[in-house]
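Notes follow the structure.
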Amino acid sequence: MLHRFGLLATCAVAALAFSAPTFAQTKWDLPSAYPTTNLHTENLTQFAADVDKATAGKLKITVHANASLFKAPEIKRAVQGGQAQAGEILMVNFENDNPLFGLDGVPFLATGYADAMKLYKAQKPALDKLLATQNLKLLYAVAWPPQGIFANKQINSGADMKGLKWRAYSPATAKIAELVGAQPVTVQQAELAQAMATGVIDSYMSSGSTGYDSKTYEHIKNFYDTQAWLPKNAVIVNAAAFNALDKPTQDALIKAAADAETRGWKSSEEKTAWYLQQLAGKGMNIVKPAPQLMTDMKKVGDVMLADWLKKAGPDGQAVVDAYRK
Ligand code: PCA
């Protein structure tokens, strides 16, 4: 009898222990398209850990790196549709959705970190508004390091780019190919190493970060450091999923996102030189572009900005004006 009572008491204590934290735990999936050691992914992982800590485990965000859950171009729609509650997107990938997403992909509009931040601030009110119409909310955005040209061929002018087998990651990088007479093939970073290995492409524009992550030095000799633009990754959340959180959890999420944004921009800028050193250490030539190449690429940028303004209309013009003020 006594024994049986003891067992019952133990069960009751055990049941209590299991139900003691009576809060509902929310679990979110957050797909991203870049490897775990990438600067954006490391920042995201820290962000998820910060949210966990600040909410005492109430909101658990699982980061699915390397396009393992959704491929880069699918992430935005997955978050809109609620297949994932949050996600990291490369905004310029969605320029055909709305031109506003493509503004930070226009060559030579904003070329350093200070200008890229200024452009982001000019873009942000319009972005917030646009995302709200798509059942999305922006948590934070971080710039990639400045974009240069990877090529085996010696490139001293725009004319030298003719005929390159050019990897594009966005509508704008495909447009550059079109303007210089290269052959664009759209390949996201997760498939970039394979595209180089199989000879599908022999050149592309991106950051030292992606050159390093994709081991471009195993296939391509030169990096022309044009510093042409700094595209941004944005971490977005499904608005309904966000609204379903209680207020303290929402506040904790927003605070962690603000911290991630500050931390991310800092680490992106700090690592820029480090990435180029790594590429040089692996035998790549890091080249200061010839004046003719810069002149020709700036002309490409002018054409693309004019195109962009035509597509984006008065709302777009207002954003560019706010940036240039
Ligand atoms: N890396 C990404 C986008 C911009 C960048 O620097 C890529 O090449 O896919």
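In what follows, residues are counted from 1 in the order of the sequence shown. Quick caveat, the model's predicted, so the values are computed rather than measured. All values below were derived from every heavy atom in this structure, side-chain atoms included, with hydrogens, water molecules and symmetry-related copies excluded. For ligands, and for the atoms within them, numbers begin at 1 and follow the listed sequence.
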Check your understanding: Which of the atoms in ligand 1, numbered in the order shown and given with their element, are less than 4.0 Å from a heavy-atom of Leu90?
Key -> 3 (C)
Exercise for review: Among all protein heavy atoms, pick out the one at the shortest distance from atom 1 (N) of ligand 1; state its residue, atom name and that distance to 0.1 Å.
Suggested key: Thr210 OG1, 2.6 Å
Review point. Which residue holds the protein heavy atom closest to atom 6 (O) of ligand 1, what is that atom called, and what is the gap in Å?
Key: Ser207 OG, 2.6 Å
**Study point:** Electrostatic pair Asp104-Lys232, nearest N-O below 4.0 angstrom
**Key:** yes
Point to revise | Per-atom contacts, ligand 1 versus Pro231 - under 4.0 Å to a heavy atom | key: 4 (C)
Exercise for review: Only one of Lys288, Met205, Lys298 passes side chain to side chain contact (heavy atoms under 4.5 Å, CB included) with Thr226; say which it is.
Suggested key: Met205
Review point. To which protein heavy atom is atom 5 (C) of ligand 1 closest, and what is the distance rounded to 0.1 Å?
Key: Ser206 OG, 3.1 Å
Exercise for review: Measure centre to centre between the rings of Trp144 and Tyr34, then say whether the value is under 6.0 Å.
Suggested key: yes
**Study point:** Centroid separation Tyr140 to Phe47 less than 6.0 Å
**Key:** yes
Check your understanding: Does Ser209 come within less than 4.0 angstrom of ligand 1, counting non-hydrogen atoms of the residue?
Key -> no
Revision key, fill the gap. Ranking Gln147, His40, Arg167, Gln188 by closest non-hydrogen atom to atom 9 (O) of ligand 1, top hit is Arg167
Point to revise | Considering all heavy atoms, the nearest Ala256-Val51 contact | key: CB-CG2, 3.6 Å
